[in-house]
Amino acid sequence: MKGQKKQAKASSEENVEMKGDRTSSMETFGKVMRVIGRYKILLVLSIVLAAFSVILQLYVPILFGDAIDGIIAKGRVDFGIVTYYLSRILVLIILSSVATWVMNMINNRMTYRVVRDIRAKAIRRVQVLPLSYLDAHKTGDIVSRVIADVDQLSDGLLLGFTQLFTGVVTIVATLIFMFSKNVAITLLVVVMTPLSFFVAKFIADHSYVMFRHQTESRGEQTALIEEMVGSAKVVKAFGYEKRASERFAKVNGELKEYSQKATFFSSLTNPATRFVNSLIYALVALVGAFVILGGGLTVGGLSVMLSYANQYMKPFNDISSVVTELQNALACATRIFALIEEEPEKDCVEVPEETVSKGHRAMHETVSCGAKSGTVDIDDVFFSYMKDHPLIENYNLHAKPGMRVAIVGPTGCGKTTMINLLMRFYDADKGDIRVDGESIYSMPRHELRQHYGMVLQDTWLKNGTVRENINIGKPDATDEEIIAAAKEAHSWEFIRRLPQKLDTVLHEDSLSQGQKQLLCITRVMLKLPPMLILDEATSSIDTRTEILIQQAFDKLMEGRTSFIVAHRLSTIRSADIILVMKDGKIIEQGNHESLLKAGGFYAKLYNSQFSV
Amino acid sequence: MKQLGIYLREYRKESVLAPLFKLLEAFFDLLVPLVVAQIIDVGIAGNNRTYIISRVVILVLLALAGLLSSFTAQWFAAKASAGFGANLRQATFDHIESLSFTQLDRIGTSTLITRLTSDINQAQTGLNMGLRLLLRSPFIVFGSMIMAFTINVRAALVFVVTIPILALVVYGIMIISIPLFRKAQAGLDEVTGLTRENLTGVRVIRAFCKESDEVRAFDEKNEALTRLNEFVGRLSALMNPLTYVLINIATIVLIHTGAVQVNFGRIQQGDVVALYNYMAQMVVELVKLASLIITINKAVACADRVAQVLAVPEGMEFPEGSDAGDDSGMSGASAPAVSFRGVSMEYADAGDESLTDISFEAEKGQTIGVIGGTGSGKSTLVNLIPRFYDVSRGAVLVDGVDVRQYPKGALIEKIGVVPQKAMLFAGTVRDNMRWGNENASDDAIWRALETAQAKDVVESKEGGLDFQIEQSGRNLSGGQKQRLTIARALVKRPEILIMDDSASALDFATDAALRKAVRSFEGNMTTFIVSQRASSIMQADQILVLDDGRLAGKGTHEELMKSCETYREIYYSQFPERRPASAGQRPGLKEGALSDGDAVSAGQKSSEKGMTPDKTVSRNLKRNGSAADEAVRKNGKEAKA
């Protein structure tokens, strides 16, 4: 938990700003209160219980003092008084403990459920946000909003609020109790306490320089470690170990010096403030003793004052840390609301209600999709990512069922834009795209997407088994079907070599790039939709494997309208229509032969491949 | 964990003095309630103002003495822990650099980096805390009890009963909840992972209409995490109220006992106050101790993980001394530069062999091309030459000597490696170039750069050889990095040069010029070129064609075009216009699906029996995947038997 929070703080500094990141804190607070909604009673109860238990706990030392006053000397102990106070104490501590316990339980429930609710909201919003939004924000940033910021919000805001409240109650109650015992001593304590703050601040300021040095040299060392350990194989390949070790030793020596000083200086804070407290304690003892002699205080009263003098500092420290915590939490809340209040895309897909499902409800809504033949018409489409940078203008394309459309061009020419439009990840600014004559803007997104099989450039695999990754498009597929598809996509060759075959759980690095792509192809192979979108699907697979895939795809593409994005010309020579794109625009269109004959950009691209 | 003690040995004195001074401070703390009791019993009861003042002065002196001994303790603790951390870091770093490739693969570099950074930092912090507090807190807890005994035995018995009960409650709850906290953390990691997945896979999720399923999967994990958190929370919610009740009941009993004792005249009122103070002091320390134990527990876990890394054996054995080196000198003159004799290789924890029964010889000065599909074992093959991995069967010989006979470091001296991933390091170009040869002259560096076609790259940079390369070479393009890594290997003037697909980012013209220059580079260098491009290896003296870990063919380009189906297939896919006209309009797209296992046998058989390629292909079409599996499995069995 702690680690997560630190990450959140660190990452929030470099994060991109979202639109709603700058709302006022009062407004945010209001929103938090609305989210808390049904837990509002719990919050009020928590605060009341906190105040109750704090006052009781502060009152107990006074009763102990009164009890001690009943113990005067040999034979002069008033057991009536002692027992009277002690039995009252017993009742009070039990009451206050029960109050604390109930309060803890309430806080637990409240914080964890608010966290759960906000996260559930967030994940639902993620499903319906326009891709333009998700593309514009770093994944890490959104993740830290959903995870770390939410934790910080619940810990900081809900508990911080309770703590702040109890801190104030503690200080006020302590002062009242102390003044009721003796005004002079109380004033003494009140005047002296700021001293320890000054001491703490003085040390913090001076150790800061040391910490900065330590951080710097630690950063230097980490950079070296990342290089030398991250590339340990290169180090070994060059027999560089000894020199690496020498370089490390140098940085390590510096770090040791700074680290030692930083640790030492910062560890002075506690003893120093403790010393100041001891001085106050001694003063209270001195003044207290003289006041007792003057008859203004009892011995029990002095022991109460002494214990208060010790405790009095604590709420101040608590409050100052709670205030920073609260500010932090509010900042986190703002970031969370910026995400969950972001406008969803228009006519977005439906996601399950927010009532958290108890147990597993496996319900697969299969969108009824009448079999499409796969005619795709693009009519007068205008599109741009940024208003002032027109990209696609007045574009027309008519693909008959079974046609292969290849999209070609240098890297960064905007080939994926076509996919974004066809799959309706982005909406065209003007014009219409129709599938079998029906506008894709008038059919539900799910229905449209059911018709497409897609293999993207950056392969994405779930953190799950091989099977779960393949049957994503057809959850009820049998193992036989999966294996058959895998064989056709040539992924079976490596899957069968995995330790648990289809049940192998995949991690980030357990497959090579080529293998990941084969798996993604297998997904589509299993689903067999009427239209295909292949985005540089074979770009990081070697030519031979690529041919094998191509053969499988050929089979798959038979009778299916396909859009292929690739930078390898050999893989798209077979296309019926080739769209040549440059700088986001479609500059040429035709088949391989006609384009070669035309001698334009495509011909240049094609010939450059073999200019040895 | 215990073996980490040696890194503290240098700071033995500090490690003893730090807790000792801390105890001294605690001792002064323990005296305070006694002095206060004297103020009450002697000063107040006897109305003696000078006595009171003198006692208060003692209180101040005690505080001062406590402050000084605490400062001293902190100094020693900081010195010992910083020194320990530095020693441990150095040792761990050196050990990691000595690990074999297999071990590096197994542990993973990101794990190693964590061990070396945050884990050791935590261990260092833990040690610092431990030195300062681990003795102090128990000392005060038991010290309070002992002081209570000096005041009154009956009252002290309250302490004797209270301490174990409190300890039991505090540590009992802790011991039960720590593993639960760990579980909750794992649950949070899962929710984090799912969130990330939903974002990185958003296009796929939407394309497959999986939004609702993803939300449900998330809800499930989210709910599980919440329930776990609430469960753990219920347990730790008990901690505070329970200890509070226990402590105060103990205090009630203490005061009552004190009252009885005062009534008998065995102690005085001030003593009761002192007992009350000792109880309070003890409680504070007990709570501190609990949080200290959590910190130290974490630090110990971190230290354990570091110790595990240190305990990993280097993973490769090398012969002692230099006798093997002499051997290599003897047989080196006439022997082939590299020879593989029936080599098979299986990575640790892999399900299957990555290389199977590879044999070939590379004469000195030859250029060897290695070609094959993804995962066909090209990199594995060349990684065996510098003994980055050990073979599972067979032997790899360099200059006629088994690579396992070379003493540590002797083999790598002969070989220049250009890894697949072009990796450069923070520092000047010169620093990077000198990786293989510490004393290389600028002249030698420029010659290597020229050969690697990187001369213009360096010349175009400000400062030339003094140009500062950033971490991982991120201020250079992929092609520039590749050329510089080739130059880096050449600066070493190796006998054997290995280029593992290291020209992939170069255009065809540069690639060709590079190959030509490397061929005429000084010395009789044996060169291995791994590539997916037929054009890169066509000119090689010998080409090794790999297919699914087997040698599908070896020979020159011309020989392989005649005899090796796999090679032909690769070649025509990249040079479709050179395919004989009879092969059809859509080259490589309509012919049969060659399964990896098949390709080997089919290719060989077709050449033996003089079959036409077309027939082979159509036959292969019928024998699809499952037949290929069968063939591979059979081969595997034979090989094992």
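Here the structure is a predicted model, which is why all the values come from computation and not from measurement. Just so we're on the same page: letters track the sequence lines, and every chain starts at 1.
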In Å and rounded to the nearest 0.5 Å, what is the [atom1] to [atom2] distance from [X] to [Y]?
X: B/Ile40; Y: A/Ser303; atom1: CD1; atom2: OG; answer: 7.0 Å
X: A/Ile89; Y: B/Ile249; atom1: CD1; atom2: CD1; answer: 11.5 Å
X: A/Ile147; Y: B/Thr195; atom1: CD1; atom2: OG1; answer: 4.0 Å
X: B/Asn263; Y: A/Ile72; atom1: CG; atom2: CD1; answer: 10.5 Å
X: A/His446; Y: B/Ser212; atom1: NE2; atom2: OG; answer: 6.0 Å
X: A/Gln221; Y: B/Asn121; atom1: CD; atom2: CG; answer: 8.0 Å

State, with a plain yes or no, whether a side-chain heavy atom of [X] is found less than 4.5 Å away from one of [Y].
X: A/Ile93; Y: B/Tyr244; answer: yes
X: A/Gln127; Y: B/Val215; answer: yes
X: A/Arg523; Y: B/Val204; answer: yes
X: B/Asp219; Y: A/Arg124; answer: yes
X: B/Asn240; Y: A/Trp101; answer: no
X: B/Lys79; Y: A/Thr263; answer: no
X: B/Leu225; Y: A/Val115; answer: no
X: A/Phe79; Y: B/Val260; answer: yes

Report task. Verify salt bridge (charged side-chain N to carboxylate O under 4.0 Å, His left out) between A/Arg449 and B/Glu211, making sure each step is shown before the conclusion. Result -> CA-CA 12 Å; A/Arg449 289 171 188 165; B/Glu211 292 97 333; 3.8 Å; yes
Counting heavy-atom pairs under 4.5 Å to chain A, which of [options] comes out on top?
options: B/Ala426, B/Ala534, B/Gly270; result: B/Ala426
options: B/Leu62, B/Ile412, B/Leu59; result: B/Ile412
options: B/Thr485, B/Val35, B/Leu112, B/Leu99; result: B/Leu99
options: B/His256, B/Gln268, B/Arg55; result: B/His256
options: B/Arg196, B/Glu214, B/Glu438; result: B/Glu438

Do you know the tightest heavy-atom contact between [X] and [Y]?
X: A/Ala232; Y: B/Leu104; answer: CB-CD1, 3.7 Å
X: B/Gly83; Y: A/Lys256; answer: CA-CD, 3.8 Å
X: A/Ala120; Y: B/Asn222; answer: N-ND2, 3.8 Å
X: B/Asn229; Y: A/Tyr112; answer: O-CE1, 3.3 Å

Query raised in the report: Taking the six-membered ring for Trp, are B/Phe93 and A/Phe248 parallel (under 30°), tilted (30 to 60°) or perpendicular (over 60°)?
Result: parallel
Report task. Name the orientation class of the two ring planes belonging to A/Phe64 and B/Tyr276 (parallel below 30°, tilted from 30 to 60°, perpendicular beyond 60°). Result -> tilted
Query - Geometric cation-pi criterion, B/Lys492 with A/Phe238: 6.0 Å, 45° - result: yes
Query raised in the report: Within 45° of the six-membered ring axis of A/Phe290 and under 6.0 Å from that ring's centre, is NZ or CZ of B/Arg49 located there?
Result: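 That pair qualifies as a cation-pi contact.
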Is chain B contacted by the side chain of [X], its backbone, both, or neither, given a heavy-atom distance below 4.5 Å?
X: A/Val229; result: both
X: A/Ile533; result: neither
X: A/Gln57; result: both
X: A/Ser87; result: neither
X: A/Val60; result: side chain
X: A/Val235; result: both
X: A/Ile292; result: side chain
X: A/Met103; result: neither
X: A/Asn270; result: neither

Among [options], who wins on heavy-atom pairs under 4.5 Å with chain B?
options: A/Ala285, A/Gly239, A/Ala67, A/Ala244; value: A/Ala244
options: A/Met105, A/Lys233, A/Glu241, A/Arg119; value: A/Lys233
options: A/Ser53, A/Ala223, A/Ala99; value: A/Ala223
options: A/Tyr452, A/Tyr85, A/Phe425; value: A/Phe425
options: A/Gly253, A/Ser231, A/Ala262; value: A/Ser231
options: A/Leu131, A/Leu224, A/Val82, A/Leu90; value: A/Leu131

Query raised in the report: Passes side chain to side chain contact (heavy atoms under 4.5 Å, CB included), B/Trp435 versus A/Val234? Steps please.
Result: CA-CA 10 Å; B/Trp435 263 58; A/Val234 182; 4.2 Å; yes
Query raised in the report: Which atoms of B/Pro419 come close to chain A, meaning under 4.5 Å heavy atom to heavy atom: side chain ones, backbone ones, both, or neither?
Result: side chain
Query raised in the report: B/Ile255 versus chain A, heavy atoms under 4.5 Å apart: side chain, backbone, both or neither?
Result: both
Requested in this report: Carefully, step by step, assess B/Trp75 and A/Gln260 under the rule side chain to side chain contact (heavy atoms under 4.5 Å, CB included).
Outcome: CA-CA 8 Å; B/Trp75 171 251; A/Gln260 185 186 331; 3.4 Å; yes
Assess the side chains of [X] and [Y]: does a donor N or O sit below 3.5 Å from an acceptor N or O?
X: B/Gln124; Y: A/Ser259; result: yes
X: A/Ser245; Y: B/Gln90; result: yes
X: B/Arg89; Y: A/Asn252; result: yes

Requested in this report: For the pair B/Glu223 and A/Arg116, evaluate salt bridge (charged side-chain N to carboxylate O under 4.0 Å, His left out) and give the outcome as yes or no after the intermediate values.
Outcome: CA-CA 7 Å; B/Glu223 182 65 24; A/Arg116 181 194 65 190; 3.1 Å; yes
**Report entry** Partner of B/Asn198 by side chain to side chain contact (heavy atoms under 4.5 Å, CB included), out of A/Ile142, A/Val143, A/Ile123, A/Leu134
**Finding:**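 Among A/Ile142, A/Val143, A/Ile123, A/Leu134, the one that satisfies the side chain to side chain contact (heavy atoms under 4.5 Å, CB included) with B/Asn198 is A/Ile123.
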Query raised in the report: In chain order, what residues pass the side-chain hydrogen bond (donor to acceptor under 3.5 Å, both in side chains) check against A/Tyr258, with sequence neighbours excluded?
Result: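 Expected list: none.
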